[in-house]
Amino acid sequence: MLSETPGRNAVLPPTSRGLSRVEAAKYIGVSATKFDEMVRDSRMPAAKKVDGRRVWDRHQLDASFEALPGDGDIERSAWDELPASA
């Protein structure tokens, strides 16, 4: 019989619009370190300030995530053109 209770590692959709750094990273499916890198290079939005706390807007995360290239959209590099070695 299947349990109605999600497992310990289940990721539930956020119930709030403002997310912490760790929540925002989980929301888009990356580590907190990778999320920080994506914020630095503007692939993800900057946080909003709520008093002394940094909070990420879930709607802005959605828009930034939508703007990321898809698997078929990835630019090819010169390395991709090299013949495979035998």
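Since this is a predicted model, take the numbers as computed values, not measurements.
- Closest non-hydrogen pair, Gly18 versus Glu23, comes out as O-OE1, 4.3 Å.
- In this structure, CE on Met38 lies 4.5 Å from CD1 on Ile28, to the nearest 0.5 angstrom.
- Transitive grouping of hydrophobic side chains (ILVMFWY, heavy atoms separated by less than 4.5 Å) keeps Leu19 and Val22 in distinct clusters.
- In the hydrophobic clustering of this structure, Leu68 groups with Tyr27; members are Ile, Leu, Val, Met, Phe, Trp, Tyr whose side-chain heavy atoms approach within less than 4.5 Å, directly or through other members.
- Remark: Lys34 engages Glu37 in a salt bridge (Lys or Arg N to Asp or Glu O under 4.0 Å) (not counting sequence neighbours).
- Between Pro45 and Val39 the shortest side-chain heavy-atom distance does not fall below 4.5 Å.
- For Asp41, the salt bridge (Lys or Arg N to Asp or Glu O under 4.0 Å) partners two or more places apart in sequence, or in a different chain, are Arg43.
- Of all heavy-atom pairs between Arg54 and Ala47, the closest is CB-CB, 3.7 Å.
- With sequence neighbours excluded, the residues satisfying salt bridge (Lys or Arg N to Asp or Glu O under 4.0 Å) with Asp36 are Arg21.
- When side chains are defined from C-beta on, Val30 does not count as touching Met44, because their heavy atoms never get closer than 4.5 Å.
- Side-chain atoms of Ser20 and Arg53, non-hydrogen and from C-beta on, do get closer than 4.5 Å to each other.
- Here the two rings, on Trp56 and Phe35, have centers that are under 6.0 Å apart.
- Arg17 is not listed as a side-chain neighbour of Val55, based on a closest heavy-atom distance of 4.5 Å or more.
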